[in-house]
**Student:** 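First the structure, which I've put down as structure tokens, then a few questions once you've had a look.
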Amino acid sequence: MSRSAFERRGLTFESEAAACGQPLLFCSGSQTARRAASRFFPAYFRSVNFLGSTVSESPDHFALLGLERGFALDPAALEQAFVRAQSKVHPDRFASASAAEKRVAMQWSAAVNGAHQALKSPLRRAAYLCELHGAPIEAETQTAMPSDFLQQQMLWREALDDAGDEGAVRQVIEQVAHAHAALISDLARLLDQEHDYAGAAKQVRQLLFLDKMQRDFAQRAGADDRADELTS
Amino acid sequence: MALLQIAEPGMSVGPHERKLAAGIDLGTTNSLVASVRNSLAEVLPDAEGQPLLPSIVRFLPDGTVVVGREAQQAQALDPRNTIVSVKRLMGRGVKDVINIENLPYDFVDAPGMLRLRTVQGVKSPVQVSAEILRVLRERAEQTLGGELSGAIVTVPAYFDDAQRQATRDAARLAGLNVLRLLSEPTAAALAYGLDHAAQGTFAVYDLGGGTFDISILKVSAGTFEVLATGGDSALGGDDFDHRLYCWALEQANLSLLPPEDQRLLTVKARAAKEQLSARANATMQARLSGGAWLNLAIGAETFAAMTQHLVAKTLEATRRALRDAQLKVGAIDGVVLVGGATRMPHVRRAVRDLFGREPLADIDPDQVVAVGAAIQANLLAGNRERLGSRNDDWLLLDVIPLSLGIETFGGLTEKIIPRNSTIPVARAQEFTTFKDGQTALAIHVVQGERELVSDCRSLARFELSGIPPMVAGAARIRISFEVDADGLLAVSAVEGTTGVSAQIEVKPSYGLSDDEITAMLKESIGAAEHDMLARALREQQVEAERMIAATVSALASDGDLLDALERLAIEKLLAATQARAAGVDADVIKAAIDALAQGTEEFAGRRMNRSIRAALAGKHVEHVLSR
């Protein structure tokens, strides 16, 4: 598995797809064809307004949910803040409002859901804090990693491939979990105490690797029933 | 003046202005309508006291349409014109429907959604469903004594975008104002949750006539949050009937049957299945059209064995939903059974064995979805009366069942919104051009979990053109996906580097165009045109009065959001609407209203933003307003 494939499964940064140069099938449309097609427009795409206007004006994820900006975050407090914000903006609160108002409610509600998702995982929360403070992760271009870190990765993967019994597998999984937890506590220190966002961004890049590895392990564990899913 | 009183969005209206709202369960086999009356949510029966309306529509040569039991009785006599289980055809093409060769209809393959050729011409499944919905709307309006202000129509949680869109079109065609499309298991969870004052994590196992859903929900004080959902939108009680039908053919050494006999035998199979839910043995007796008699006996164990693979499919989907919710079976505090097919003892046994607990079925599994939908419709309509001693306010947070993405080079799917994302959700991703000087992109929107586009469902294709010529990879095309609270998708694309917002072309690959909907609406209005005109005029006049009052009051309270020019423009539109509202031409009034609505859209959006900011600021004013 290539390195970029590792990272692609980590976070979806907006620049990611562009940087990967994802091509799309192209075609050249004539004016007439365009006009003809626009007749069909309302049938499927009810709205083409770019969602930006409201969302770009909206506060950052922490402010939107009424939370203090910081890496340390009690999951229960996040859930509470999420439900509190959603109960004010959810489209169900505006079911008999005008179309324009419903649209605004939908955008706010989507922004609240987005904030919840971005803050829920420690990895994404750390990445978001780095970006807010001008230290973007840019995992696909910032590829330099300490060589001992890379070496450790390879050792773990090999150990797992060679692991004969349950116990050996569990040992590797525990080691990775331990390293993962250590990185998280590093991040808490770098972000909340030292405010070293560039340093934190480096740790986030490493965490992306470990996160990917943990998901691979989980996938391996559940491989049997997933095989059924793929064939069903 | 009651009509002109404008309630703030989401605020309650006075008790004398209670709005009539209904919840509709548009089922594969049966459909129901329910409403909250006297603080009690209940299913509304027909004139004969029957709550269930069989979802069967018969088109007669004289132009009449019969829905329900009368159509049901004719299904074996006139199978081609008597449409059964139309829900399985919603948003589907001919090649999408499993066992289509066993259906006795005259199919017409059309782009996107198939059509049926009947004695009344070619009908879309949307039109057939609209006939069912129309009967339910009329039943509700007669029972409640007035026009419905809005309705919630339920859909299987696992319905994809095409199926949801088709359902919403059908409701529109039936003259319903759709407050929300609500997932069936979520509606059931609401009914149970409020009834039992439940808290914890629940699984809703919903096996209906033609669809299977499993939803995992977290229920806490006033919040119903769906954590994950799964299912199969083509698996239900019908498939158990079909298995029994095939078994009967084998036993009787029969092969190809005429449509009448196919239908007759299917009806007998269903009756035998229903008997087996109460007894250990059942018989199937039928006189076929050739005069031969069929007489078979079947035991519950034989039936359970021949349908075990269907039950296994539901359990597999259930395990996957639990994995998606990152929960073990032991973390589930309660299991709720929904749908008539959960009456089969071997289905109940399987659910009990998987979860290690007795499932709840104390609310009628046929009615619970409609009841939950009615409770939610009542809330969304703005009626905040107390339902008995229960909480009178709650929040439902639902998810999309299937990932949404676009096709990238090589026929691969790039997921933009993963399944089980809480809705509404908006996500954007940037893409770029592939060739030097490329000025257009074909964008193909798909839904599904598979890596290859050909294995996913194609939702739409559109084209972004007018991109300025650049070297390959220099353009920044931002594709935005927005899924609203009904689970319906809208997609847009913008080229960003030059600030030029390029145009979009859309070719719907399924469903009905707006022109088709309008044509169908006109067709369905037809005879009663005169009444309709008078009613339309009155409606437009009332709407004009409402809009004028709302605009005047908005200008008074939030006029500071407009600059002088903007205000002038709105005042001009307001004067024009006032002048036209006195006239007698509904179309002219409507045009004025539309112009006013369009001209005040930006203003309405700004007011809404202000009010939401204020609402959010309730507890954390310093964060929000400082930005």
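Throughout, protein chains are lettered first and strands after them, A, B, ... in sequence-line order, and every chain is numbered starting at 1.
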**Student:** By ring pair (Phe, Tyr, Trp, His ring centres under 6.0 Å), which residues pair with A/H61, not counting sequence neighbours?
**Tutor:** A/Y128
**Student:** Considering only heavy atoms and a distance below 4.5 Å, find which of B/L179, B/D232, B/L397 pairs most often with chain A.
**Tutor:** B/L397
**Student:** Between A/D92 (side chain) and B/L395 (backbone), is there a donor-acceptor pair under 3.5 Å?
**Tutor:**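 Absent.
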**Student:** Answer with side chain, backbone, both or neither: which region of A/A105 has an atom nearer than 4.5 Å to a non-hydrogen atom of chain B?
**Tutor:** both
**Student:** Rounded to the nearest 0.5 Å, what's the gap from CD on A/Q117 to OG on B/S421? Could you check?
**Tutor:**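 Rounded to the nearest 0.5 Å, the CD-OG separation comes out at 6.5 Å.
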**Student:** Measuring from atom CD of B/E225 to atom CZ of A/F82, what distance do you get when rounded to the nearest 0.5 angstrom?
**Tutor:**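 So the gap between those two atoms works out to 5.5 Å.
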**Student:** For A/Q175, look at atom CD and say whether over 12 heavy atoms of other residues, nucleotides or ligands are found less than 6.0 Å away.
**Tutor:** yes
**Student:** Check step by step if salt bridge (charged side-chain N to carboxylate O under 4.0 Å, His left out) holds for B/E482 and A/R103.
**Tutor:** CA-CA 11 Å; B/E482 252 184 20; A/R103 179 159 183 79; 3.4 Å; yes
**Student:** Check whether B/T223 gets within reach of chain A through its side chain, its backbone, both or neither, counting any heavy atom under 4.5 Å.
**Tutor:** side chain
**Student:** Going by the rule side chain to side chain donor-acceptor pair (under 3.5 Å), which residues pair with B/N177 if we only count those two or more places apart in sequence or in a different chain?
**Tutor:**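 B/N177: no side chain to side chain donor-acceptor pair (under 3.5 Å) contacts found.
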**Student:** Give, as side chain, backbone, both or neither, the part of B/L412 having an atom under 4.5 angstrom from any heavy atom of chain A.
**Tutor:**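 For B/L412, no heavy atom lies under 4.5 Å from chain A.
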**Student:** Taking CD in A/E79 as the centre, count heavy atoms belonging to other residues, nucleotides or ligands within less than 6.0 Å. Is the count above 12?
**Tutor:** yes
**Student:** So which part of B/L380 gets closer than 4.5 Å to some heavy atom of chain A, the side chain, the backbone, both or neither?
**Tutor:** both
**Student:** Heavy-atom distances under 4.5 Å only: say whether B/E602 touches chain A with side chain, backbone, both or neither.
**Tutor:**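 Nothing of B/E602, per the 4.5 Å heavy-atom cut-off to chain A.
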